[in-house]
2 protein chains.
Amino acid sequence: MKISQGVEWGLHCATLLALAPPDRVVRRDRLAAHYGLPEAYLAKHLQAMARAGVLHAVPGPRGGYRLGREAARITVLDVVEAVEGSTPPFLCQEIRQRGTGALPPDQCRRPCAIHATMTAADQAWRASLRTVTIADLVARLPAGVRERNEKIVS
Amino acid sequence: MKISQGVEWGLHCATLLALAPPDRVVRRDRLAAHYGLPEAYLAKHLQAMARAGVLHAVPGPRGGYRLGREAARITVLDVVEAVEGSTPPFLCQEIRQRGTGALPPDQCRRPCAIHATMTAADQAWRASLRTVTIADLVARLPAGVRERNEKIVS
DNA sequence: CCAATCGTGGACAACAAATATCCGCGATAG
DNA sequence: CTATCGCGGATATTTGTTGTCCACGATTGG
């Protein structure tokens, strides 16, 4: 089980964009250079975030990205789901219905206890990520770092 | 982000083994056939669980597997970590220290807020999985299924 | 209107991880 | 001593992640 690095990239970029003035956009190559990331691949994640409404993309000369809504209304979970997709990490294969011990389908109306347990854990994980917003991430930046990055994106 | 199917296999097998009389072992091919799983690959996961102490393996004729300790003292998290390993799902790449916006190492003593958020969510996930034991999974089996499987492994 | 800029999205390649199989080894019961 | 059964290393196969490239559309400024 592994979380793609695109999540980290997306969260750092969103945090940086949150420091820009409201209508200011930041070019993709700026974002990539700022964190030393491959621009073409970062583009994929930024596009996914834009499709999810987390970011807003502006085409044409003077184009770039800005946040899709206020930083306080974008949760970390929003970014994670935008980048990773929202398919649940545990996919029940229903092996209780296979093999020599297979159960008849009518005994399998409810999800098995294993499935339920994994789902509950996943919901706990998501709930935890939902409690933190991009605004919170900004607030937790060291003051010096915040000022410095603010200057860069303005 | 995806949880390997070996976790599901391991949990179902552990639940089945919990139904066997205390000193009874179940052969690997029985477990595989019961759930319709590829025996050679299932073996990998069972071995990992045995190494972690979740299962106990008995070699030789009349050999097989039994639980490594009482079902009430094996949590779902134990099985998940035995099968998946315990490397955290989020690996911080410290991109704040790379690129044109790189921060000096002395500004990066503490993990960044993103790292902390992902770690907290991971701990919530683990805590949730720790609240459920193999004994709980057995208790949640429909009565008919429990009796039937008990007969099979005794 | 034209040309340069910039994001979009599809195709594609390289690489890593999960999935799956096989076989020789050691342990052990009978 | 031999047949059984788990162990673990070597090795394919498939899938997913990571990363690149390019033709396209939108937009700005001359």
Side-chain angles (χ1 to χ4, degrees), chain A residues 1-10 13 17 23-33 35-68 80 82-85 87-91 93 95 98, chain B residues 1-10 13 17 23-33 35-68 80 82-85 87-91 93 95 98:
Chain A
M1 192 195 30
K2 177 169 155 281
I3 291 172
S4 94
Q5 58 177 7
V7 167
E8 183 179 3
W9 298 4
C13 288
L17 289 175
D23 280 345
R24 175 89 179 180
V25 300
V26 180
R27 278 194 285 140
R28 192 211 290 153
D29 60 349
R30 291 280 183 183
L31 289 171
Y35 291 116
L37 306 176
E39 184 186 343
Y41 189 31
L42 174 63
K44 294 289 178 236
H45 299 309
L46 296 178
Q47 285 166 26
M49 289 164 74
R51 272 193 296 272
V54 168
L55 298 187
H56 179 77
V58 176
R62 318 284 304 164
Y65 295 93
R66 60 178 158 79
L67 292 185
V80 169
V83 173
E84 289 254 319
T87 55
F90 179 81
L91 295 175
Q93 309 274 139
I95 64 174
R98 291 163 36 189
Chain B
M1 190 196 35
K2 177 169 153 282
I3 291 173
S4 93
Q5 57 178 11
V7 167
E8 184 180 2
W9 298 4
C13 287
L17 290 174
D23 280 345
R24 174 89 179 180
V25 299
V26 179
R27 279 193 284 140
R28 192 210 289 154
D29 60 348
R30 291 280 184 183
L31 289 171
Y35 290 117
L37 306 176
E39 184 186 342
Y41 190 31
L42 174 63
K44 294 290 180 236
H45 298 309
L46 296 177
Q47 285 165 28
M49 290 165 74
R51 272 192 297 271
V54 168
L55 298 187
H56 179 77
V58 176
R62 317 286 304 167
Y65 295 92
R66 64 166 185 267
L67 292 186
V80 169
V83 173
E84 288 254 319
T87 55
F90 180 81
L91 295 175
Q93 309 275 137
I95 64 174
R98 291 163 36 189

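Lettering of chains follows the sequences in order, A, B, ..., and the numbering in each one begins at 1. Just so it is clear, the values below take in all heavy atoms, side chains as well, and ignore hydrogens, waters and symmetry mates.
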Original post:
Just how far is it from atom CD of Glu39(A) to atom CG of Leu46(A), taken to the nearest 0.5 Å?
Top reply: 9.5 Å
Original post:
Which part of the nucleic acid, if any, lies within contact of Ala40(B), taking any heavy atom under 4.0 Å across all strands shown: a base, the sugar-phosphate backbone alone, or nothing?
Top reply: base
Original post:
Hey, does Arg51(B) reach any base, or is it just sugar-phosphate, or nothing, if we go heavy atoms under 4.0 Å?
Top reply: sugar-phosphate
**OP:** Starting from the C-alpha separation in whole Å, work towards a yes-or-no answer on side-chain contact (heavy atoms from CB on, under 4.5 Å) for Arg66(A) and Arg24(A).
**Re:** CA-CA 7 Å; Arg66(A) 60 178 158 79; Arg24(A) 175 89 179 180; over 6 Å; no
Please pick, from [options], the nucleotide with the shortest atom-to-atom distance to any side-chain atom of [X].
X: Ala57(A); options: dG7(C), dG6(D), dT18(D); result: dG7(C)
X: Gln47(B); options: dT19(C), dG9(C), dG8(D); result: dG8(D)
X: Pro59(A); options: dG8(D), dG30(C), dG7(C); result: dG7(C)
X: Pro61(B); options: dC7(D), dT18(D), dA27(C); result: dA27(C)

Rounded distance in Å - [atom1] ([X]) to [atom2] ([N]):
X: Lys2(B); N: dA17(C); atom1: NZ; atom2: P; result: 14 Å
X: Leu55(A); N: dG7(C); atom1: CG; atom2: P; result: 12 Å
X: Tyr41(A); N: dG9(C); atom1: OH; atom2: P; result: 17 Å
X: Gln5(B); N: dT14(D); atom1: CD; atom2: C1'; result: 12 Å
X: Met49(B); N: dC7(D); atom1: CE; atom2: P; result: 12 Å
X: His45(B); N: dA18(C); atom1: NE2; atom2: P; result: 10 Å

Subject >> Whichever of Gly6(B) and Gly60(B) has its nearest DNA chain C nucleotide further upstream toward 5' >> reply: Gly6(B)
Original post:
Where do Val83(B) and Gly6(B) come nearest, in terms of heavy atoms and distance?
Top reply: CG1-C, 3.6 Å
Original post:
If only side-chain N and O atoms of Ser4(B) are considered, is one of them under 4.0 Å from the OP1 or OP2 phosphate oxygen of dA17(C)?
Top reply: no
Original post:
Between Arg27(B) and dC5(D), does any side-chain N or O lie under 4.0 Å from OP1 or OP2?
Top reply: yes
Original post:
Can you find an N or O donor on one side and an acceptor on the other, under 3.5 Å apart, linking the side chain of Lys44(B) with the base of dG9(D)?
Top reply: yes
